Amino acid sequence: MTRIAGMAGNRGRNLLNIADRKPGGAEFAVILTNTEDAPVLEAAAERGIPTEVVPLAEDMSRREHEEAVLEALSEYEFDLVCLDGYMRILSDTFLDEAPTTLNVHPALLPSFPGMDAWGDALEAGVSVTGCTVHVVTDATDEDGAVVEDEVDMGPIVTQEPIPVYEGDDEDTLKERVLYEGEFRAYPRAVKWVAEDALEIDLEAGEVTVDADTPTAPDAEGLPARRLTASDRADTLRYGENPHQDAAVYADYTCDEASVVHADQLNEGAKALSYNNYNDADGALNLIKEFDEPAAAVIKHTNPAGCATADSLAEAYEKALSTDPMSAFGGIVALNRECDAATAEQIIDSFKEVVVAPGYTDDALEVLCEKENLRVLDVGREARSASDASGDEPRALGEQTERFTEKDLVGGRLVQERDLQSISVDDLEVVTEREPTEEELESMVFAWQTLKHVKSNGILFADGTETVGVGMGQVSRVDAVRLAAMKADEHAEGKDAEGAVMASDAFFPFPDGIEEAAKAGIEAVVQPGGSVNDEDVIEAADEHDMAMAFTGQRSFKHD
Ligand SMILES: NCC(=O)N[C@@H]1O[C@H](COP(=O)([O-])[O-])[C@@H](O)[C@H]1O
């Protein structure tokens, strides 16, 4: 276990923070100050940490004081020294005898060394400053006099950026640097030491972080520390509910067609709400799956219906007729320029938002009749390559963003987007009956659509249109029942008879197949991989169903 000797001149906030968090299990052996009334003494004592005071007597030289400090510390065992506002420059007298000594400075060194890091940062007009944890190196000459250019210049261990906001003064900026910056950076550095992950080469002036530790960058592109910057593009009326404040932030490096960067063509209409953004993003992601003309209607991020067809109007009609009641107040996404025929259908029932890669003039006129229908254009350049007139435009379906993230209390989950895309060749038929050509096409469509349904998700499809969606159930068999109920009670002009069922994970028991058979399902696509696969296949064979395994899952939990 790493034991630390802390040295502070005043409050020692960083030392106390480290003492409370014990990064990598590190603990304090002692905290020493050179000031008798330093507040850190009481706070350390409260935590049961031994303290030492080594005042700087008037006639004491730098080296004599450092020798006295070493003497006081000789009572303790420690393998790391952490400075925190210890306002004495240390010479080789101390540093040669002490183990690795770290300090934190409230700026991104080598910018703004010295005593007024915040003032200097504000005066320079930087929009980002931060803090630096560095190894302390000798900044004195042979006589023990300070060499200003050497102060705060030891090898950098880690840094933390902090934005400077419009209207910041020294106090507000200092607060942010000290608490949001230093409270992250210093424990990180101590953790690395405690995990033996740091290699410090003082001669070369270099610090390297051992690549085998979980804190080091990994080869897959998931960085040890994720720094993302995005700009507030808009303050929203409210969040998911009226009592929640919210804003949308934009990442200007994103090349992909996106709702965040879409133009709202009927500017006079209400601005998009938090839920509109979220649902429209889900809708756009769904129709990016398809090359053929595709339409989807989304409610609460789940598809109420989705279809591909020869024309956009036909695709929309098929998507809507899956569950027109649920589609009320929904978000429509299209993967082709919206034409007048499609627009006429869209305004036929209440919809909140339509998002498409462009609109004909006639379509726009029709859509703008509806005051509260927000019309979003994701841009000509985002159009499907086949029907865009520009020079090699980015295809709408081209997905360039690699990761998604979800905030958790105290951290966040980051993962690669689910960019899986299957073809008929990927399907492994496991039943006695082979699927027909139409069933195979339907399986692929159902699978790509199901990727956008919350788990546990079940989707019934006929041809390339949905007929029933069972979303977000805590049991798979209930999801089947829900899809069957939707197909039976809500779908218009179609039902589950002879349809294909897709399941986003394997069936753990044959009951899901039994329910599907009752609904009229004749073919199933699912990942496979259950210990009960044999029983599930047997149930499918009994009903003369064709079943194919994808070999991969398509969970979507949020
Ligand atoms: N170059 C070192 C340096 O500037 N250190 C600064 O002193 C603070 C501690 O003082 P405090 O105990 O008064 O909060 C530290 O938080 C750091 O920002």
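The analysis underlying the following values was restricted to heavy atoms, covering all of them including side chains, and did not include hydrogens, waters or symmetry mates. Quick caveat: nothing in here was measured; it's all calculated off a predicted structure.
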**Q** In plain terms, say whether Arg476 and Asp511 are close enough for a salt bridge, that is, a side-chain N and a carboxylate O under 4.0 Å apart.
**A**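 Salt bridge between Arg476 and Asp511, a charged N being under 4.0 Å from a carboxylate O: no.
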**Q** Could you check whether atom NE2 of His300 has more than 12 heavy atoms from other residues, nucleotides or ligands sitting under 6.0 Å from it?
**A**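 At most 12 heavy atoms, drawn from other residues, nucleotides or ligands, come within 6.0 Å of this atom.
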**Q** Could you check whether any side-chain N or O of Asn34 sits under 3.5 Å from a backbone N or O of Leu56, counting only pairs where one atom can act as donor and the other as acceptor?
**A**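 Flag not set: sc Asn34 to bb Leu56 has no pair under 3.5 Å.
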**Q** I'd like to know if Glu182 and Lys174 make a salt bridge, using a cut-off of under 4.0 Å between side-chain N and carboxylate O.
**A**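 Result for this pair is no, no salt bridge flagged.
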**Q** Output yes when a side-chain donor or acceptor of Ser455 lies under 3.5 Å from a complementary backbone atom of Gly457, and no otherwise.
**A**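 No; zero donor-acceptor contacts below 3.5 Å.
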**Q** Salt bridge between Asp558 and Lys454, side-chain N to carboxylate O under 4.0 Å?
**A**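 Salt bridge absent between Asp558 and Lys454.
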**Q** If you round to the nearest 0.5 Å, how far is CG of Asn285 from CD of Glu256?
**A**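 One finds 7.0 Å between CD of Glu256 and CG of Asn285.
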**Q** Examine distances only and state if a side-chain atom of Asn532 and a backbone atom of Pro508 form a donor-acceptor pair shorter than 3.5 Å.
**A**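 Confirmed, Asn532 side chain pairs with Pro508 backbone.
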**Q** Flag the pair Arg62 and Glu66 as a salt bridge only when some basic side-chain nitrogen lies within less than 4.0 angstrom of an acidic carboxylate oxygen.
**A**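 Result for this pair is no, no salt bridge flagged.
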**Q** If we only count heavy atoms from C-beta on, is the Pro23 to Arg21 side-chain gap below 4.5 Å?
**A**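 A side-chain contact exists here, since the closest heavy-atom pair is under 4.5 Å.
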**Q** Is the cationic atom of Arg237 (NZ for Lys, CZ for Arg) positioned less than 6.0 Å from the six-membered ring centroid of Tyr274 and within 45 degrees of its normal?
**A**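 Here Arg237 fails the 6.0 Å and 45° test against Tyr274.
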**Q** Are Asp84 and Arg11 within salt-bridge range, i.e. N to O under 4.0 Å?
**A**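 Here Asp84 does not pair with Arg11 in a salt bridge, since their nearest N and O are not under 4.0 Å apart.
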**Q** Does the pair Glu77/Arg3 count as a salt bridge with the N-to-O cut at 4.0 Å?
**A**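 Judged by the 4.0 Å cut-off on N to carboxylate O distance, Glu77 and Arg3 do not form a salt bridge.
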